[in-house]
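Remarks on the structure that follows.
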Amino acid sequence: MRKEFLPAISKLYVFNHHCLLFIKEGNGIFEVDFTKYNFESNRIIFLSPRQYFRLLSGNFTIIQYEFTDESIDATAKSRFLFKHLVSLGHISLDCKKPFHLNQFTQFNFDENSISLLHDAIEDWIVLNPFNTTEDEVDLLFDVKEIIDRKYNEPVELADVSKQLKQKPWKIQSLVKQKLHSSLLTMTHKQKLLEAERKIAFTDSSIKEIAYELGFANPDYFFKFFKLYTQQTPLQFKEQFGFNTQDSFVNNLTELIENNFKESFKMAFYARELAMSEKTLSRKISERLGTSFIDLLHNRKLKEAKQMISNGVSVTDTAFELGFKETSHFSVFFKKQTGASPLSFAASA
């Protein structure tokens, strides 16, 4: 099934099937599984059943595709895309690969869904986000699947080793080197996600949730949850439920949009929003999971890419965006993108 839509700020979109969201146009910050992500156009994100999408700032035009269970089952290694090992599964569409763009905008999806999945998996493998061999990444996903099933009980290295027929030291070393984690940390992360889901989306009491997640008593769960979120379960539930009546994100986004070329200091934005810089910094962190300077830099970078792609010179782009020296702009651009403005212009 193919569907194109413009997500509304703060609205929850919950998906009951495996799907991909192709960000056709736009940029901004969105949330999946209580984690914030900053994305631009020509990106594809992959979501599993029970996951949600919520736009926090910016604007996107999104094309959504849903996969049948048969398509997922028939596609080897589909878990690379949908079983989020550390963070959201995603790939970027290279403009120099029009075949991929054509698939997402013109092909008959119902007839090509498995082919599309194979291409996406190949792109993900080439990206190689964990810098592993395919055998190693398969082993990491095997470990992840065990933890996803057993998160509400102790996950012992010896048991994982026996199930996967791999040496304990190999599993432990691979998880530490490639994921910078441990079995205990991975288990806690999955347990926390399940706790957040239950608190946000069910009417279960904290006591019921604690026992469902394998805690000996609610006090242990309370301490566990606050340790990882710096919030009590009740505070988390109240904050997660913020709606479009909370105008802070919309007001801040509009203010940056109208002033990012001329005003670079947080003091200006704090004054316009009638709050202290400390309060502004805290609210940006709580609501958007980022910082003021990253919001400003991301908006400047988006404008810079658009201007250079449209043939505006690097010097004119720099001055238009408020940089006093072209060299300062070049340093900023390369730090953000890994390429100089001239290299970007040549490949645009």
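Everything numeric here is computed off the predicted structure, so don't read it as measured data.
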With a 3.5 Å distance limit and no angle check, can you tell me whether [X] reaches the backbone of [Y] through a side-chain donor-acceptor pair?
X      : Y      : result
Ser330 : Thr326 : yes
Thr279 : Met275 : no
Tyr269 : Phe292 : no
Asp135 : Asp138 : no
Gln235 : Thr232 : yes
Asn310 : Val312 : no
Thr229 : Phe225 : yes
Thr75  : Ser78  : no
Tyr37  : Leu88  : yes
Glu136 : Thr133 : yes

field: Of Lys83, Lys191, Arg50, the residue whose pairing with Asp148 passes salt bridge (charged side-chain N to carboxylate O under 4.0 Å, His left out)
entry: Lys83
Salt bridge between [X] and [Y], side-chain N to carboxylate O under 4.0 Å?
X      : Y      : value
Asp33  : Arg197 : yes
Glu4   : Lys24  : yes
Glu40  : Lys302 : no
Lys198 : Glu194 : no

Would you check if [X] and [Y] make a side-chain contact, meaning some heavy-atom pair closer than 4.5 Å?
X      : Y      : result
Phe264 : Lys300 : yes
Leu21  : Phe15  : yes
Leu47  : Leu20  : no
Thr317 : Phe323 : no
Leu179 : Met186 : yes
Ser309 : Phe344 : yes
Leu55  : Tyr13  : no
Arg43  : His90  : no

Cluster check [X], [Y]: I/L/V/M/F/W/Y, side chain < 4.5 angstrom:
X      : Y      : result
Tyr211 : Tyr220 : no
Ile293 : Val331 : no
Trp169 : Val175 : no
Leu6   : Phe30  : no
Phe236 : Tyr228 : yes

On a heavy-atom basis, which atom in [X] and which in [Y] lie closest, and how many Å separate them?
X      : Y      : answer
Ala339 : Phe333 : O-CD2, 3.2 Å
Ser161 : Ile171 : CA-CD1, 3.7 Å
Pro341 : Val314 : CB-CG2, 3.7 Å
Ile9   : Gly58  : CD1-O, 3.8 Å
Ile284 : Ser291 : CG2-C, 3.9 Å

- request: Please test Thr290 against Asn38 for side-chain contact (heavy atoms from CB on, under 4.5 Å), starting from the C-alpha separation and ending with a verdict.
  value: CA-CA 9 Å; Thr290 187; Asn38 194 323; 5.6 Å; no
field: Distance-only donor-acceptor check, side chains Glu31 and Tyr52, under 3.5 Å
entry: yes
Can you measure from [atom1] ([X]) to [atom2] ([Y]) and round to the nearest 0.5 angstrom?
X      : Y      : atom1 : atom2 : answer
Asp142 : Ile147 : CG    : CD1   : 11.5 Å
Ser41  : Glu25  : OG    : CD    : 7.5 Å
Glu196 : Gln231 : CD    : CD    : 9.0 Å
Leu117 : Ile72  : CG    : CD1   : 5.0 Å
Leu157 : Leu183 : CG    : CG    : 5.5 Å
Leu174 : Lys167 : CG    : NZ    : 16.0 Å

message: Can you tell me which residue among Arg149, Arg79, Gln190 is in a side-chain contact (heavy atoms from CB on, under 4.5 Å) with Lys144?
response: Gln190
- request: Before giving the answer on side-chain contact (heavy atoms from CB on, under 4.5 Å), spell out for Leu252 and Ile256 the whole-Å C-alpha distance, their side-chain angles and the decisive distance to 0.1 Å.
  value: CA-CA 6 Å; Leu252 175 62; Ile256 290 176; 4.0 Å; yes
field: Lys NZ or Arg CZ of Lys3 over Phe5 ring: under 6.0 Å, within 45°
entry: yes
message: Under the criterion side-chain contact (heavy atoms from CB on, under 4.5 Å), I'd like the reasoning laid out for Ser48 against Gln51: C-alpha separation, chi angles, the key distance, then a yes or no.
response: CA-CA 6 Å; Ser48 298; Gln51 291 191 301; 3.9 Å; yes
- prompt: What class does the angle between the rings of Phe141 and Trp124 fall in, given that below 30° is parallel, 30 to 60° is tilted and above 60° is perpendicular?
  reply: perpendicular
message: Parallel, tilted or perpendicular, judged at 30° and 60°: which one describes the rings of Phe201 and Phe240?
response: perpendicular
Verdict with reasoning, His188 to Tyr151, per ring pair (Phe, Tyr, Trp, His ring centres under 6.0 Å): CA-CA 7 Å; His188 282 183; Tyr151 66 86; over 10 Å; no
message: Counting neighbours of CD on Gln172 that are heavy atoms of other residues, nucleotides or ligands and sit closer than 6.0 Å, is the number greater than 12?
response: no
message: Does atom NZ (Lys261) have a neighbourhood of more than 12 heavy atoms from anything else shown, all under 6.0 Å?
response: yes
field: Stepwise ring pair (Phe, Tyr, Trp, His ring centres under 6.0 Å) check, Phe22 with Tyr65
entry: CA-CA 8 Å; Phe22 170 37; Tyr65 294 111; 7.9 Å; no
query: Taking His18 as the fixed residue, which of Phe46, Phe82, Phe67 is the one that meets the ring pair (Phe, Tyr, Trp, His ring centres under 6.0 Å) rule?
result: Phe82
message: What verdict does the side-chain contact (heavy atoms from CB on, under 4.5 Å) test give for Ser285 and Arg282, after you've listed the backbone C-alpha separation in whole Å, the side-chain angles of each residue and the deciding distance to 0.1 Å?
response: CA-CA 5 Å; Ser285 177; Arg282 176 180 57 79; 5.8 Å; no
message: Can you confirm if the aromatic rings of Phe329 and Phe319 lie within a centre distance of less than 6.0 Å?
response: no
task: Check the pair Phe60 / Phe39 against ring pair (Phe, Tyr, Trp, His ring centres under 6.0 Å), numbers first and verdict last.
output: CA-CA 9 Å; Phe60 289 128; Phe39 269 58; 7.9 Å; no
